[in-house]
Amino acid sequence: MKVRMSYAELRNLLQGLSIRVKYCSKHNHPQTIHLYSKIRPPKSHILDCSRSTCTYRTVPPGSILPWRFFSCKQEGTKIPFKRKQNTAITTSELLYKSLLKSEQENWNDISARYKDMTERIKEKLEELHNKYTFNSESPRIRFGENVYFEENGCIFLSKADDVDEGNVDILFSTEDLGFSDAFIQRIRISPDQRYMAISLKSENSEEATCVIMKLGRFPVLEKVIPSVFSFEWATNDVLYYTSQKNLKCQNVFMTTFTNQKHTKLVYTEQDARFFVDIYCTKDRRFLTINSNSKTTSEVWLVDCRQPFKLPALVQARTKGVIYHVEHRNDELYILTTYGEPAEYKLMKVPVACSGMENWQLVYALEKKTKLVDLEMFSDHCIMFLKIAGHLYLNVISFDSHSVQSIKLPTWACEFELESHPEHTTSTCYFQLTSPVHPPKRFAYSFKENNLIEQAVQEVPIITNCHTTRLLAKSKDETLVPITVFHNMNSKELHRKPLLVHVYGAYGIDFNMGFKEEKLMLIEEGWVLAYCHVRGGGELGLSWHKDGCQHNKLKGLHDLKACIMLLHELGFSQPKYTALAAASAGGVLAGALCNTDPELIRAMVLQCYPSVFITAYENDQRIPLIGVLRYIQKLRKAALDHASRTNKKGNWIPNIILDIRANGSHCDSSWEDSLNEVARHLAFLNKELEEVCHLQHHSKSCK
């Protein structure tokens, strides 16, 4: 590959960026990261303060995952006097260093007990990973006769007729250009296929770098833009992008690759509560500048036929109204919360008069229905829905004005729409999956009006796992959905270990995509339960509203009701029950440990359960100093409680903090995920083994 910029120049250019640059390094564990796809879900378990359920996915109109709702207030350090050459250290800094050193020493002492089991679990997870991901393919993007796809940090180009024959050209390689520690997050090809924009991201930062390649016989590096969140091509040589700083995204820039290259600021969001991203409508007619807060949004249109013209406002922001925009036949199709009830509705309006007063209803969701995703096609619109935990596909025909609803397989928990389908296609391809079921490919044909499962050779089929859906009655008699997985061959389920999952925050659903460690637990006899408590988004916008802020206790009541129902129905029992929570889910998990500890691994009533917390030194969302202070208070509370209830055989819980020097809140490599998950599962197994040992010892004493 010929590069216009020398490696020395590239190195200088990249200094200060978040991506560490290494040259001539080789991946010991190659991984396939899909074109336009979500980042591989992080393996997040236990009371994990380092991760959230957010994913870095381009959010089209209709995709209502509010991953941008997070904020982080960094711990400030007061300076008591003027520093001399920055050598003075404050009391807060000394405390931080002391706590950090103490926890690192504690981890080094305690981790040895998990070493053997951790290695055994890692071997099993690697075996499952190779078994279920070896045959997976990267999505392929077709532009006329050309097909683009990504594998192992490289982007390839092939003719449509030759793609299966192995006749491919390499357009880009992270390793060749010195980005060996980065992974490809997002790719956009210009309409005439002369340019390719790529975002690269390391696992240690939430900010990405955009690399623009000029394509041709010998692709060359054209430009590198640091700290970019989203980007889209307006025309063949005009790129719009948003810049990100400190988890905020408020500026939109336009950069040109014409003879007179220049970059210009075109939009600035003045309200710090709003987050800005860019989307291109499916027919490539407009770019939308989307400015969203937790409850309110505003959209501006960039005409791709006149990219230098100022953006046009669709509808001024109105408090409490969220809306997203698509385009078809000179009409805007608007997904919005406008009107009663305050759930999502599909509306339309002429481009020329797009004000809210002209919006016309096309389709309204039923109560307690979650809209997971929406995709526009030339003559149809597809909605992916969740109703009481079940997945549905609703197909709206613009020609016949009809709606067809299809219930998808019971085991399915998660949709994955295939990347960037063509606007005029007659078939919609997507994948279905669950935590214990590897992705299966399905196709919906608009012409035949039917759903077809796409067979994939040599992919093992999971047949020994049973999926059960339950409803638990909460304190106020609200019915809370639970999804349960267990081995069909397991007997005496009340004696099996149970791993309960909870999140319930920001209106976000569980990430219920396939994870090797979940399948391993099923094979080893565990029961897995996902409690869809209020505060999350599983039953629509009202479900989130009913469990946030002053209603937060409702989520705690929901979690307690779910665990009690599981035990009543014979799914394990308290002394074999563990709780897993990620990011904001730790609030509910921690609260339950304080209010109802007997529900979780309770050998002695009111004992604190053992806790394993993972945190990251460079986490931008959860400052480490807060975690260090929390762990000190938690240990003190557990010890104080044990001393107050000092009886023979009393049990003191293990409070473990695992601090990682590398990694960030949302992302991790396969290798780091493997190590982290293995440590978590080793902890769970050791804890439950200790329960059995103590129980046996107690009986022997009697």
Side-chain angles (χ1 to χ4, degrees), residues 18 54 56 58-61 63-76 199 205-210 225-232 234 238-256 262-281 286-304 306-326 332 334-338 342 349 351 353-357 359 506-507 541 544 548-549 620-621 665:
S18 60
C54 67
Y56 277 80
T58 306
V59 178
S63 183
I64 54 176
L65 296 175
W67 40 258
R68 61 177 69 95
F69 291 173
F70 299 101
S71 63
C72 174
K73 185 178 181 181
Q74 298 284 354
E75 281 288 322
S199 60
S205 173
E206 296 199 33
E207 296 177 357
T209 296
C210 183
I225 311 173
S227 303
V228 172
F229 180 77
S230 60
F231 51 91
E232 295 285 353
V238 176
L239 181 75
Y240 276 69
Y241 66 91
T242 59
S243 61
Q244 181 177 1
K245 184 178 181 181
N246 298 328
L247 300 179
K248 294 184 178 180
C249 201
Q250 295 182 289
N251 293 321
V252 179
F253 295 88
M254 175 187 68
T255 187
T256 64
H262 72 279
T263 299
K264 177 183 177 182
L265 177 67
V266 296
Y267 178 84
T268 296
E269 173 55 62
Q270 302 294 340
D271 192 331
R273 297 172 300 173
F274 285 73
F275 188 101
V276 180
D277 68 0
I278 296 175
Y279 171 76
C280 183
T281 59
F286 294 101
L287 298 187
T288 63
I289 298 174
N290 312 294
S291 188
N292 301 277
S293 73
K294 293 181 180 180
T295 60
T296 307
S297 59
E298 183 176 86
V299 179
W300 296 73
L301 296 179
V302 175
D303 190 339
C304 291
Q306 299 176 298
F308 301 105
K309 189 176 179 181
L310 290 175
L313 178 64
V314 175
Q315 165 62 45
R317 64 191 65 177
T318 302
K319 186 176 180 179
V321 175
I322 299 173
Y323 73 98
H324 310 280
V325 172
E326 253 293 358
L332 298 178
I334 299 175
L335 190 68
T336 180
T337 59
Y338 173 63
V349 68
V351 174
C353 48
S354 60
M356 188 183 293
E357 66 278 4
W359 293 2
Y506 299 112
L541 298 176
H544 166 229
C548 67
Q549 297 179 349
Q620 292 177 274
R621 299 178 187 271
H665 195 82

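Here the structure is a predicted model, which means the values were calculated and not measured.
Annotation: side chain of His324 is not in contact with side chain of Val299 (no heavy-atom distance under 4.5 Å). Contact check for Met254 versus His262: side-chain heavy atoms found under the 4.5 Å cut-off. When side chains are defined from C-beta on, Val276 counts as touching Ile289, because their heavy atoms get closer than 4.5 Å.
No option in Tyr240, Phe275, Tyr241 other than Phe275 meets the ring pair (Phe, Tyr, Trp, His ring centres under 6.0 Å) test with Phe229.
Remark: Phe274 engages no residue in a ring pair (Phe, Tyr, Trp, His ring centres under 6.0 Å) (not counting sequence neighbours). Under the rule for a side chain to side chain contact (heavy atoms under 4.5 Å, CB included), Leu310 has no partner lying at least two apart in sequence or in another chain. Partners of Thr318 under the side chain to side chain contact (heavy atoms under 4.5 Å, CB included) rule, at least two apart in sequence or in another chain, are Gln315, Val321, Met356.
Between the side chains of Trp359 and Glu357, no donor-acceptor pair of N or O atoms lies under 3.5 Å.
Within the 3.5 Å criterion, the main-chain N or O of Asn290 finds no donor-acceptor partner in the side chain of Thr288. The backbone N or O of Asp277 sits nowhere less than 3.5 Å from a side-chain atom of Ser230 that would complete a donor-acceptor pair. Between the side chain of Thr336 and the main chain of Tyr323, no donor-acceptor pair closer than 3.5 Å is present. In this structure a side-chain-to-backbone donor-acceptor pair under 3.5 Å is present from Thr281 to Phe286. Although no hydrogens or angles enter the test, the distance criterion places a donor-acceptor pair under 3.5 Å between the side chain of Glu207 and the main chain of Asn246. In this structure, the side chain of Thr242 does not engage the main chain of Val252 through any donor-acceptor pair within 3.5 Å. At distances below 3.5 Å, at least one donor-acceptor pair connects side-chain atoms of Thr337 with backbone N or O atoms of Ile322.
With respect to the salt-bridge test (charged N to carboxylate O, under 4.0 angstrom), the residues Glu269 and Lys248 do not qualify.
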